[in-house]
Engineer: 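Can you read through this structure? Questions will come right after.
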Amino acid sequence: MAAPTRDQVLSLLAAANNHGDLAVKTSSLKQAKDLLLSIDPSLAADLFPYLIELQSSPESLVRKLLIQIIEEIGFKAVEHSPTMISLLLTFLRDGDAIVVKQSIVSGTNIFCSVFEELIVQFQQYGKVERWLEDIWMWMLRFKDAVFGIAVEPASVGIKLLALKFLETFVLLFSSDIGDTEKLATKGIRQAVNVEWLVGGHPHPVLDPVVLISDANRTIGILLNLLLSVGSLPGCLTITVVNCLAAIARKRPQHYDTILSALLDFDPDFQRVKGCHVTSIQYSFRTAFLGFLRCTYSPILESRERLIRSLRAMNAGDAADQVIRQVDKMIKNGDRSTRDARVSKDDQPSTQSPVSGELSRKRPVPLDNEQLANGHDTISKRIRSGSDSHSTLPAQINDSRQDLSSVNGVSANVPVLDSELTAVEQMIAVIGALLAEGERGAESLEILISKIHPDLLADIVITNMKHLPKTPPPLARIANLPVTRQLSSQVSQSQVIAASVPINSVQSLSGTAQASFPSPTPTVTVTVTTSLPSDTSNFSNQPADSKRDPRRDPRRLDPRRVVVTPGGATVSIADDTGATKEFDEPVSSIKPVSLPVMTADDNTLSDLTVKIKNDDIISEGSPVSGPDQVTPKTEVLEMPGDIHQITEADTSLDPSLSSTDLRDEDLSKAKLSEDTETIGTDSSIFEIDQSSIDVQVESTLEDTCLELPQLPPYIELSEEQGSKVKNMAVRRIIDSYKHLHGTDCQQFCMPLLARLVAQIDDNDEFITMLQKHILEDHWRKGHELVLHVLYHLHSLMILDSVGNASSSAVLYEKFLLGLAKTLLDSFPASDKSFSRLLGEVPLLPESSLKILNDLCYSDVIGHDGKIIRDIERVTQGLGAIWSLILGRPQNRQACLGIALKCAVHPQDEIRAKAIRLVTNKLFQLSYISGDVEKFATKMLLSAVDHEVSDTGLLQSGHTEQIAEAEVESHEISCTSQVSESTISENDTAIFAKPSIQSVPSILFSEAQRLISLFFALCTKKPSLLQIVFNVYGQAPKIVKQAFHRHVPVVVRALGQSYSELLHIISDPPQGSENLLTLVLQILTQDTTPSSDLISTVKHLYETKFRDVTILVPLLSSLSKQEVLPIFPRLVDLPLEKFQRALAHILQGSAHTGPALTPVEVLVAIHGIVPEKDGLALKKITDACSACFEQRTVFTQQVLAKALNQMVDQTPLPLLFMRTVIQAIDAFPAMVDFVMEILSKLVSRQVWRMPKLWVGFLKCVYQTQPRSFHVLLQLPPQQLESALNRHANLRGPLASYASQPTVKSSLSRSTLAVLGLANETHEQHLSSSLHSSDTSSSVHGATLT
Amino acid sequence: MKFRYAMVCSSNQNRSMEAHFLLKRQGFDVSSYGTGAHVKLPGPSLREPNVYDFGTPYKHMIEDLRRKDPDLYKRNGIFPMLKRNSTVKLAPQRWQENAADGSFDVVVTFEEKVFDMVIEDLHNRDHALLKTVLVINLEVKDNHDEAAVGARLTLDLCREIEAAESWEESIDEIIAGFENKHRRKLLYSISFY
């Protein structure tokens, strides 16, 4: 199919190029264009060279069509676009105007399309493709060429299009800040402008600033053309004006510039020749009217100027019409506003490519971060590498320690066998290199670097095989330090070997040592991987189950050894070496003896013998054979053994010196290297000297004994071992401090934990570690401590009985030391102590003792007083609280400590402990019972102690009494001041001297014992029943203590508690005082509830006939309720009556007082002693009590009361007494009293003998005001009154002699007074001389 | 002819159709349009014009007016005008809605107001073709006699434009010559399609 189409196009192009008829040419070319547009672009591209040949066609129409074809298919073949577009430049210089015009038209379209494509690519991808940049470069040249046409002489038709291109260019490169509504209605090409580039990163090709600058310069070109109107044809001038007007309307930022130019245009048209002036002028008019139609704010501001110009042009009518149209448009602003909003919504969509571009740029910084992270990772790896180097010296000591552990763990023998294979190969190669002497040193170093990774891989694989149940991730993490450890050991061993290349025997010894530690890390890995899972006590159970299967292999291994005769021999030998110190040098000789035998042979034969020995070990059963032969050889080679011992001593010196050298700063590395070299040389010299000495000694040894040589070696090795261990530990701790990565921490923590477990009875190490833990941030140190403790705890579980005891001792020692250090180093507010005790795997008894001492133990200061840091006690109690919650195993012990503190002699400590016990511990269901029992026990001990001591009741609590006495004795030693104070308070007590001191001591003791119980009562009100039950039998001091605590409890409970009401309704015998106290408290601050009132009333009416219990409730009782019991209240002791009176008068806020003061007085006088069973004195005392309260019983109150009582029948017995008291209290009441006395006369007071006496007394006291009352009496009563009070006669007679008074008196009354006319004088004289005679006369008259 | 012409008046009934009729007969490629909102024809009085929408066939207008008052519209010349128009094209067309008709090289208007509207409309269009268009205004009163005169003048002007090799180069001379010859004022402007 393609072939015919291609041929067809070629034939058409040939016809267009060669045919003579123009019509045929144009027709063929059009058909070719259609075919090119329809076929595949890649195929069309192949035909472009033939198409380009048409540019030389003589017919202008053909060339014009060619340009149109280029415009239409230009973008389909991007490879050829630059070539085809370059034709546009050629055609711009064509001789035919038609071709040039088409070139400008097509070029303008391509220009806009390319510009749009550039922006789209830049926004979407942040870059522009190469081919598009090339086209753009051609288009810029095209732009320059068209600009040239616009300003240079050319055809007018062509220039018109050039000017239009200038306008298009300005619109493209100017940001559109105008009306978005118009923008929306236009095509896509018009919408594209330079504004789309603003906000993004500038591109060299699409720099907005540069483009906008070009646009401004283009406007300058148009304005310059306007200035040269005289030389331009009319149509060019009109076109320039129209273009400028279009730019001004569409790009308001250019409006002012263009408007000024148009307004300043010179109207002198005389110079303009050949131009149609009217049309040019009309173009300005059209431009100005167009401006009026715009609604941009800059244009609106210039409306006046526009109108003036238009009127000058005789276009005022048109201007007015346009303004009216614009006003109508403004009135329709709602519609345009809505449309504008819609357009604004479109703008974000057009700008979304920019945001997309920004979002796509974000990954770039992420890449940078990844690179940075990579650098960090690399630096971390470098650090870890350096750390591994820093641990090299420590490995030497680890290997020696592992030797002893390997001997003790027979299960690791198979592991040793598997490891020997790799080590064997290494040894073989190293041996070969050593045979070469110094020449082989360099090769040896190269070999080490090559074998290193292989050996590590083998070691890792071997370790993985022995950890089948360990999760891979944990194993990987845990194995890393082990691998480094092993590699370090191997490297260090090689260093030792290299340092003494001459003496091959020593080097073999070093390699033998290196091979032994390989099994031990396996055990370490096993233990390490189990530690992370031990996060709490509960998780220990699954951990134990996980460890159970591992116990079986350990137990089985000894049995296998026992079954095998050879194995038994090996086991016995190991045990012998471990237990006997003196045999240690002998056992150390064994590994060395074999090389001695082979020293006489060749090097290769040495290795062969080594291999044979390995085979023997791997077989197991044949071991006994060589052992039998070996002792004989040892006996024969005794002198050689001594020689080897000396050499072993010398081999320690180089390692020690190298260890010391490594402690120096890194800045001295070179010097240290030189020193190491010197050290090596010196060691060689030492060896030579030692060999000489040995030769000399061998001569002497023939006559000397062996034993004297052994002790110095043993002591020296121990000292050196201890020293090296400490140095190793210090180095590990120092490196641990500087580590930051998590992997590094996991590497060092297990290492330090293992060191603690393996170093027995090394106080220095533990002290060093504790110091480090405290120096470090506690969070990190806390993790390390837990690592150590959990490791020890796992050893306690896994090891046999013997090892368990040592691990347990070490565990306890480490924990106690650290706990004490935390207490000494940190303030009381620090939580680390409590946290430590809460998170350790096991809490021994000794740690609880620390808590006990912290909370309870007394500290006697220099002044002899108790010194106790309350904050420390708070810290201890806080720890106890968390332990009770978190550690059920230790709950009872901690509770015991807390309860002991709850009865502490010191108030502050006791208060804190009681607060803890009451508010927290007592709320726990599994503890509240114990707490209650303890508190009750303490309460009863307080009660029974005093009872027993006073002898009132025999008690069986002998032990408690003894304890109480001891405690009281202690208190007496420390509370002299309080004792004296108490004794002063108890001066009223008449007791024996021997008993007098005891009660004063026991008050504080009672407080100590009962405080906790009363605190619990607030949480459990039913406990108050016990208080009431024992109150009756409690001693006085204890009761006082009760009275101090009960108010607090009762106020806390309130009166709505049913338990309290129950107790009140049925109080035990002997608890009346306590009951009264409770009732007082309940009614003190609040109104008693109806339940309480009814309960108490019921109690009073049934069981408890003591009115005292009703006193607190009087405020709430009504008048009808108070009056019946009033006599009983009056019968109370005076103080209680006064209190009751206060309640009665107070009343409640709702109902007012039960009785008013007047009613109180009336009620008191209403009591009949005989009927109510009261002594008269009680009533008189009650009256006196009222008179003492003058603020309540005022003059008015008395008046009202007396007024009420004077009308009563019968009159109250104490009426006159009260009247007399009233006069005494308030003398101003005399007039009122006279009225009362007059009423009494009316009521014939003389008929009541007792009242009559009071009446006369009152009259006598109130004379002479009472004379008129006396004169109201009948003559008989008057005579009787005068007989009783004879001294009244004279004054009364004088009073009666007054004319006004005399006239109103009766004759009989006057006769009694002796005031008759004549008889009066005779009587008066006779009375003066003989009073007896007158009285006898009166008596006769009466008779 | 090498140019396309457009005749534009207010209702596309009298002046534009007269010129359209004449130029069409002379062989020009010509179209005609109106710029008003509606088609207005004289009615019984000045206050009662007959109003139709653009696009209403001329024949429908004839029938409608015949039913109303055949004598009046025959007497005032409406019927003959409509008959003539119906022979030229189907119905009146509005200039603002003629985008589908393509571009014109020369647009002749017969009233200044119409000239303004055509210029404004062309300026507000999207100049996608970059094709120049010459707009000329010839002031003609809207009656039958003047329409006939205007049509003849338009024909003469178009012949001048056709005769020029490049109207862009010689438009000023053409306008000046026409005004001197016919004593009629012209206006022209340049716009683009």
Side-chain angles (χ1 to χ4, degrees), chain A residues 97-98 101-102 104-109 112 155-161 163-165 167-168 171 182 185-191 233-243 245-246 249-250 272-283 285-287 289-290 293 315 317-318 321-322, chain B residues 2-3 37 96 99 103 105-109 111-139 157 160-161 164-180 184-193:
Chain A
I98 294 175
K101 287 181 180 180
Q102 185 61 49
I104 294 175
V105 171
S106 298
T108 302
N109 292 334
C112 294
S155 168
V156 174
I158 297 171
K159 289 176 77 74
L160 290 177
L161 294 178
L163 291 173
K164 189 61 180 178
F165 177 80
E167 177 193 320
T168 304
L171 294 177
K182 292 184 178 180
T185 57
K186 294 179 179 178
I188 295 173
R189 193 178 68 173
Q190 291 293 331
C235 61
L236 286 179
T237 303
I238 293 171
T239 303
V240 168
V241 171
N242 289 341
C243 289
R249 289 202 305 271
K250 298 176 181 177
V272 180
K273 297 179 179 180
C275 297
H276 193 246
V277 176
T278 305
S279 296
I280 294 173
Q281 190 173 8
Y282 202 86
S283 68
R285 174 176 176 273
T286 303
L289 289 174
R293 292 194 181 93
D317 295 342
Q321 185 177 1
V322 170
Chain B
K2 57 183 178 181
F3 297 136
Q96 291 85 342
S103 63
D105 297 289
V106 180
V107 178
V108 179
T109 62
E111 185 177 338
E112 184 173 306
K113 181 178 177 182
V114 174
F115 178 75
D116 289 340
M117 296 181 74
V118 169
I119 292 292
E120 181 186 357
D121 178 72
L122 288 173
H123 283 343
N124 290 335
R125 293 190 183 187
D126 182 16
H127 303 158
L129 299 178
L130 287 181
K131 187 174 185 301
T132 53
V133 56
L134 173 63
V135 185
I136 303 175
N137 183 58
L138 172 64
E139 200 70 25
L157 180 61
E160 293 287 338
I161 295 172
E165 180 179 357
S166 171
W167 66 262
E168 296 94 342
E169 300 287 345
S170 57
I171 185 61
D172 287 324
E173 289 79 10
I174 292 171
I175 298 296
F178 180 90
E179 288 179 337
N180 291 331
R184 304 282 293 236
K185 290 293 182 181
L186 293 178
L187 290 173
Y188 83 92
S189 180
I190 306 295
S191 187
F192 295 85
Y193 272 97

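Just so it is clear, the values below take in all heavy atoms, side chains as well, and ignore hydrogens, waters and symmetry mates. Just so we're clear, the structure is a prediction, and the values are computed from it rather than from any experiment. Just so we're on the same page: letters track the sequence lines, and every chain starts at 1.
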Engineer: Decide yes or no on side-chain hydrogen bond (donor to acceptor under 3.5 Å, both in side chains) for B/Glu179 and A/His276, but give the supporting numbers first.
Structural biologist: CA-CA 10 Å; B/Glu179 288 179 337; A/His276 193 246; 2.9 Å; yes
Engineer: Give a yes or no on whether the backbone of A/Cys235 and the side-chain of B/Tyr188 come within a donor-acceptor separation of less than 3.5 Å.
Structural biologist: yes
Engineer: Is there a side-chain contact (heavy atoms from CB on, under 4.5 Å) between B/Ser166 and A/Val156? Walk through the geometry before answering.
Structural biologist: CA-CA 9 Å; B/Ser166 171; A/Val156 174; over 6 Å; no
Engineer: Quick check on the structure: residues of residues 113-122 of chain B within a heavy-atom distance below 4.5 Å of chain A, by number.
Structural biologist: B/Lys113, B/Phe115, B/Asp116, B/Ile119, B/Glu120
Engineer: Is there a side-chain contact between B/Asp172 and A/Pro233, using heavy atoms and a 4.5 Å cut-off?
Structural biologist: yes
Engineer: Is there side-chain contact between A/Leu161 and B/Thr132, with at least one heavy-atom pair below 4.5 Å?
Structural biologist: yes
Engineer: Distance check, rounded to the nearest 0.5 Å: B/Ser189 atom OG versus A/Asn242 atom CG?
Structural biologist: 4.5 Å
Engineer: So which part of A/Ser283 gets closer than 4.5 Å to some heavy atom of chain B, the side chain, the backbone, both or neither?
Structural biologist: neither
Engineer: Which answer fits B/Ile171, side chain, backbone, both or neither, if we ask what part of it has an atom under 4.5 Å from a heavy atom of chain A?
Structural biologist: side chain
Engineer: Would a 4.5 Å heavy-atom cut-off, applied to side chains only, mark A/Ile104 and B/Leu130 as touching?
Structural biologist: no
Engineer: Would you check if A/Thr239 and B/Phe192 make a side-chain contact, meaning some heavy-atom pair closer than 4.5 Å?
Structural biologist: yes
Engineer: Please classify the contact between A/Ile238 and chain B as side chain, backbone, both or neither, with a heavy-atom cut-off of under 4.5 Å.
Structural biologist: side chain
Engineer: For B/Glu169, give me all partners under salt bridge (charged side-chain N to carboxylate O under 4.0 Å, His left out), at least two apart in sequence or on another chain.
Structural biologist: none
Engineer: Evaluate the side-chain contact (heavy atoms from CB on, under 4.5 Å) criterion for residues B/His123 and A/Arg249: first the C-alpha distance (whole Å), next the side-chain angles of each, then the deciding distance (0.1 Å), finally the verdict.
Structural biologist: CA-CA 11 Å; B/His123 283 343; A/Arg249 289 202 305 271; 3.6 Å; yes
Engineer: Which answer fits A/Lys159, side chain, backbone, both or neither, if we ask what part of it has an atom under 4.5 Å from a heavy atom of chain B?
Structural biologist: neither
Engineer: Look up atom CG in A/Leu160 and atom CG in B/Leu134, then write down how far apart they are to the nearest 0.5 Å.
Structural biologist: 10.5 Å
